[in-house]
Amino acid sequence: MLKVDVITLFPEMIEGAVSHGVLGQAVKSDLLSVKAHTPREFTEDKHRTVDDRPFGGGDGMIMLAEPLKKTIEKVQHNTSKVVYLSPQGRTLNAAIAKEFSKEEHLIFICGRYGGIDQRIINEYVDEELSIGDYVLSGGELGALVIIDALARFIPGVLGHGESAEKDSFSDGLLEQPNFTRPREFLGQDVPEVLVGGNHKVIGEWKDKVSALVTLKKRPDLFREYIKVETEKYNSLKKKKTAAP
Ligand SMILES: Nc1nonc1C(=O)NC1CCNCC1
């Protein structure tokens with residue numbers, strides 16, 4: 001079972017978010033463990049200080065190294081992967097979420113204020129990860145986005161018949177449009193093919209429309225998809241011609 005420890009000044013943000021929906025069910029079913037830890041537990045002064053002014057001046061306070069060190073060392077063991085949420089990291093995508101879902105133990109460090117002391121990054125952080133090119137007030141929402149995205153790749157988390165492999169982006173394409181009852185709404189009908197019951201034809205329709213939606217909305221993704229599929233085809237062809 002993948003174990004996730006989140007180091008945050010606001011543990012209730014994490015605890016609340018992982019107790020609902022798909023994530024809540026995954027935790028309840030012991031498919032995933034998510035625990036939050038605050039560096040304030042490891043402060044010794046009466047104000048429970050976790051930040052201080054940056055050397056060299058500048059805006060924003062910096063999270064102190066000592067309470068972070070103690071919190072990390074409380075949860076860390078030899079198979080831990082320590083991830084710091086930061087705009088300076090590589091940007092999250094489905095492939096990274098899938099990669100992370102295979103880890104044994106993830107520790108997410110959520111910075112607040114201006115960030116954390118660089119010596120913590122140098123000493124403990126295996127990877128910085130960003131959820132996008134913008135600045136948040138804290139790393140907690142980033143950690144939750146990653147936890148939600150990676151959970152979908154853990155076997156058993158999604159319902160029967162559902163699979164993260166069919167999610168948008170997982171096969172490199174956006175998802176086709178979805179419909180449910182009624183058959184007609186606001187003068188718009190459900191595509192006939194989807195109510196025809198022929199699963200082969202429905203699957204072909206979904207694949208075609210998924211490619212068309214991607215071409216229209218994300219031509220960059222579509223170009224990458226064509227490149228990957230062409231490489232797969234060429235490699236298969238090479239194997240066939242090489243085979244005795
Ligand atoms: N973008 C981001 N992806 O992950 N974290 C991000 C972020 O903006 N973190 C803040 C940076 C300034 N200090 C508070 C946290």
Side-chain angles (χ1 to χ4, degrees), residues 2-18 22-23 32 34-43 47-72 75-76 80-103 105-154 164 167-170 218 220-221:
L2 167 56
K3 197 168 170 294
V4 179
D5 286 297
V6 183
I7 296 174
T8 168
L9 296 179
F10 302 110
E12 63 278 5
M13 268 183 82
I14 304 300
E15 289 152 1
V18 300
V22 170
L23 276 184
L32 171 69
V34 183
K35 299 264 184 280
H37 312 270
T38 171
R40 280 199 203 282
E41 270 177 37
F42 299 94
T43 55
H47 300 297
R48 308 188 75 195
T49 308
V50 289
D51 62 316
D52 203 339
R53 292 185 309 283
F55 283 118
D59 296 339
M61 303 287 273
I62 301 300
M63 290 179 73
L64 288 164
E66 188 60 31
L68 282 170
K69 171 181 181 292
K70 288 177 178 170
T71 317
I72 294 166
V75 296
Q76 190 176 36
S80 307
K81 180 187 182 78
V82 182
V83 178
Y84 173 48
L85 281 303
S86 157
Q88 298 186 21
R90 61 175 174 157
T91 304
L92 178 69
N93 59 27
I96 295 171
K98 185 173 182 180
E99 178 194 311
F100 274 31
S101 72
K102 295 176 168 44
E103 292 287 344
H105 183 218
L106 291 168
I107 300 173
F108 288 119
I109 301 175
C110 302
R112 279 270 156 174
Y113 321 118
I116 68 174
D117 189 297
Q118 182 61 37
R119 289 158 298 182
I120 290 291
I121 298 171
N122 299 344
E123 180 67 22
Y124 294 102
V125 172
D126 297 308
E127 172 171 4
E128 294 182 80
L129 195 64
S130 171
I131 61 164
D133 291 339
Y134 36 79
V135 180
L136 302 167
S137 51
E140 290 80 5
L141 292 178
L144 287 168
V145 164
I146 298 162
I147 292 167
D148 193 295
L150 69 80
R152 300 177 67 82
F153 289 97
I154 297 172
D167 280 347
S168 280
F169 304 103
S170 290
R218 287 290 304 272
D220 59 315
L221 276 184

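This structure is a prediction, so every number in the text was calculated from the model and none was measured. First listed ligand is number 1; within each ligand, the first listed atom is number 1.
Using a 4.5 Å cut-off on side-chain heavy atoms (C-beta onward), F42 and K69 make no contact. Between I116 and Y124 the shortest side-chain heavy-atom distance does not fall below 4.5 Å. Contact annotation: the side chain of I131 approaches that of L136 to within less than 4.5 Å [non-hydrogen atoms, C-beta and beyond].
Within 4.0 Å of ligand 1, protein heavy atoms belong to L85, S86, P87, G111, Y113, L129, S130, I131, G132, Y134, V135, L136, S137, G138, G139, listed by chain and number.
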side-chain contact (heavy atoms from CB on, under 4.5 Å) for L2 and L150? Distances and angles first, verdict last.
CA-CA 10 Å; L2 167 56; L150 69 80; 3.3 Å; yes
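Under the side-chain contact (heavy atoms from CB on, under 4.5 Å) rule, T43 has a single partner from K70, R48, E66, which is R48.
A salt bridge links R90 with E127: the closest approach of a Lys/Arg side-chain nitrogen to an acidic carboxylate oxygen falls below 4.0 angstrom.
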